[in-house]
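Have a look at the structure below before the remarks.
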Amino acid sequence: MLSTIKLYSYGPRDGLADLSPFVLKVDAYMRFADIPFESKPDYRNSRRAPHGKLPYINDDGKIIPDSEFIIAYLQEKFDVQLDSKLTEKEKSASYLIGKSLDESLYWCLVYSRWAMDDTWGYIKKAYFSSMPYPLRKIVPLIARKQVLKSLYQQGMGRHSKVGVLTLTDRSLSALSSLLGSRPYFFGETPSTFDAIAFGFLAQFICVPVDNDANNLARKYLNLVQYCDRVLSRYYPD
């Protein structure tokens with residue numbers, strides 16, 4: 001009998017399985033592929049993670065970090081056929097577009113959450129309210145300072161707010177055009193790319209925060225309907 005895979009996460013919040021797009025990506029992938037797993041939410045998980053970041057999985061003692069490597073491991077182990085109907089060009093495009101979300105839209109999301117004051121209160125409560133006093137007072141200030149430094153070093157933090165929102169909207173507009181009127185990005189059923197796309201889009205569309213970045217995403221009706229479709233089918237609870 002196969003053991004149940006354990007997915008280490010930050011934990012659910014406001015109807016989403018996780019506020020990390022990378023955790024949500026893996027969570028969605030396993031649901032799309034019908035792979036049994038057990039979520040292990042704890043704000044301390046990142047301290048125990050091999051790379052100091054979430055997610056990571058434990059498969060009967062075998063630890064796999066990083067969402068991309070986790071998905072590759074699961075695909076091979078369970079012979080997942082989510083992409084079997086995609087052409088080679090579609091597989092290549094989905095990989096490259098997925099990397100653009102990982103490497104570009106991700107930093108737009110980070111900026112919207114940690115640099116914008118109208119979102120910071122929500123993020124501070126979501127990530128740090130479960131910490132004991134006085135950590136929940138001290139740690140958020142230190143963490144925000146570190147994230148803002150990382151944003152600047154990466155380059156996104158050197159842009160103005162208008163510049164970041166412009167980059168955000170370009171990615172969202174491209175995703176909306178790619179999806180069009182189809183139920184999923186490459187057809188009638190979800191592919192690996194859908195796990196990546198949902199992992200990110202849900203962070204902008206489904207989190208109950210009214211900021212400029214989230215409102216940009218919500219103007220694309222097909223993306224809103226897409227998130228609703230995934231939530232209704234794969235996250236009925």
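Not measured: the values here are computed from a predicted model. If you read the sequence from its start, that first residue is 1, and numbering goes on from there.
Within the 3.5 Å criterion, the main-chain N or O of Asp228 finds no donor-acceptor partner in the side chain of Ser232. A donor-acceptor pair is defined here as one N or O able to donate and one able to accept, closer than 3.5 Å; such a pair exists between the side chain of Asp18 and the backbone of Gly11. Using modelled atom types, one side-chain atom of Ser100 and one backbone atom of Ile97 make a donor-acceptor pair closer than 3.5 Å. In this structure a side-chain-to-backbone donor-acceptor pair under 3.5 Å is missing from Arg136 to Phe128. No donor-acceptor pair closer than 3.5 Å links the side chain of Ser191 to the backbone N or O of Leu82.
The shortest side-chain heavy-atom distance between Glu188 and Arg182 does not fall under the 4.5 Å cut-off. Contact check for Thr168 versus Leu105: side-chain heavy atoms found under the 4.5 Å cut-off. Contact of the Arg113 side chain with the Val209 side chain is not registered, since no non-hydrogen atoms from C-beta on lie closer than 4.5 Å. Between Tyr111 and Lys161, some side-chain heavy-atom pair lies under the 4.5 Å cut-off. Ile70 has its side chain out of reach of Asp66: every pair of non-hydrogen atoms, C-beta onward, lies at least 4.5 Å apart. In this structure, Tyr235 and Asp27 have side chains that are in contact, with non-hydrogen atoms separated by less than 4.5 Å. Contact of the Thr166 side chain with the Val162 side chain is registered, since non-hydrogen atoms from C-beta on lie closer than 4.5 Å. Contact annotation: the side chain of Trp114 never approaches that of Leu109 to less than 4.5 Å [non-hydrogen atoms, C-beta and beyond].
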| request: Could you walk me through whether Lys219 and Asp212 pass the salt bridge (charged side-chain N to carboxylate O under 4.0 Å, His left out) test, one step at a time? | output: CA-CA 11 Å; Lys219 77 178 184 179; Asp212 291 332; over 6 Å; no
| query | Does the side chain to side chain contact (heavy atoms under 4.5 Å, CB included) test come out yes or no for Tyr56 and Leu7, once each step is laid out? | reply | CA-CA 6 Å; Tyr56 70 95; Leu7 171 62; over 6 Å; no
| task | Determine, stepwise, if the pair Thr4 / Asp60 fulfils side chain to side chain contact (heavy atoms under 4.5 Å, CB included). | result | CA-CA 8 Å; Thr4 301; Asp60 197 23; over 6 Å; no
| request: Under the salt bridge (charged side-chain N to carboxylate O under 4.0 Å, His left out) rule, what do Glu90 and Lys85 come out as? Steps first, then yes or no, please. | output: CA-CA 9 Å; Glu90 288 174 331; Lys85 295 182 180 179; over 6 Å; no
| task | Could you please spell out the steps behind the side chain to side chain contact (heavy atoms under 4.5 Å, CB included) verdict for Ile57 and Leu74? | result | CA-CA 10 Å; Ile57 63 169; Leu74 295 172; 4.2 Å; yes
| Val224 and Leu201: CA distance, side-chain angles, deciding distance, side chain to side chain contact (heavy atoms under 4.5 Å, CB included) verdict | CA-CA 8 Å; Val224 174; Leu201 289 173; over 6 Å; no
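For the residue pair Asp169 and Tyr220, a side-chain donor N or O sits within less than 3.5 Å of a side-chain acceptor on the partner. Side-chain atoms of Tyr8 and Asp42 form no donor-acceptor pair, as typed in the model, at a separation below 3.5 Å. Side chains of Asp83 and Gln81: a donor-acceptor N/O pair is absent below 3.5 angstrom, by distance only. Neither side chain, Gln154 nor Tyr106, offers a donor N or O lying under 3.5 Å from an acceptor on the other.
In this structure, Arg13 is positioned above the aromatic face of Tyr122, its NZ or CZ under 6.0 Å from the six-membered ring centre and within 45° of the axis.
Leu19 contributes atom CG, which lies 9.0 Å from atom CG of Leu24 (distance to the nearest 0.5 angstrom). Distance check, rounded to the nearest 0.5 Å: CG of Asp79 to OG of Ser84 gives 9.5 Å. From Leu231, atom CG reaches atom CD1 of Ile205 across 10.0 Å, with rounding to the nearest 0.5 Å. Atom CG of Leu165 sits about 8.5 Å away from atom OG of Ser112, to the nearest 0.5 Å. The CG atom of Asn58 lies 9.5 Å from the CD1 atom of Ile5; values are rounded to the nearest 0.5 Å. Within the model, atoms OG of Ser129 and NZ of Lys124 stand 11.0 Å from one another, a figure rounded to the nearest 0.5 Å.
The pair Asp210-Arg218 meets the salt-bridge criterion, since a charged nitrogen lies less than 4.0 angstrom from a carboxylate oxygen. Between Arg233 and Asp194, no side-chain nitrogen of the basic residue sits less than 4.0 Å from a carboxylate oxygen of the acidic one, so the salt-bridge criterion is not met. Of the charged side-chain nitrogens involved, none lies within less than 4.0 Å of a carboxylate oxygen, so that Asp59 and Lys6 do not count as a salt-bridged pair.
The side chain to side chain donor-acceptor pair (under 3.5 Å) with Asn211 is formed by just one residue from the set Asp117, Thr119, Asp118; it is Thr119. Results of the side chain to side chain contact (heavy atoms under 4.5 Å, CB included) test with Ile138 over Leu141, Leu135, Ile142 single out Ile142 as the only residue that passes.
What you find for Phe193 and Gly98 is that their closest heavy atoms are CE1-N, 3.7 Å. Asp14 and Pro208 make their closest contact through OD2-CG, 3.5 Å (heavy atoms, listed as atom of the first residue, atom of the second, distance). Between Pro183 and Gly187, the closest heavy-atom pair is CD-O, 3.7 Å. Here the shortest heavy-atom pairing between Phe185 and Ala197 reads CE1-CB, 3.5 Å. Closest heavy-atom contact between Leu54 and Ala49: CD2-CB, 4.2 Å. Between Ser9 and Asn45, the closest heavy-atom pair is O-ND2, 2.8 Å.
Aromatic rings from Tyr43 and Tyr10 are positioned such that their centres are separated by 6.0 Å or more. Ring centroid separation for the pair Phe200 and Phe22 comes in under the 6.0 Å cut-off.
Atom CZ of Arg48 sits in a crowded spot, with more than 12 heavy atoms from other residues, nucleotides or ligands closer than 6.0 Å. In this structure, Lys53 places its NZ atom where only 12 or fewer heavy-atom neighbours from other residues, nucleotides or ligands lie under 6.0 Å away.
Follow the hydrophobic side-chain contacts under 4.5 Å out from Val23 and you reach Ile63 in the same cluster.
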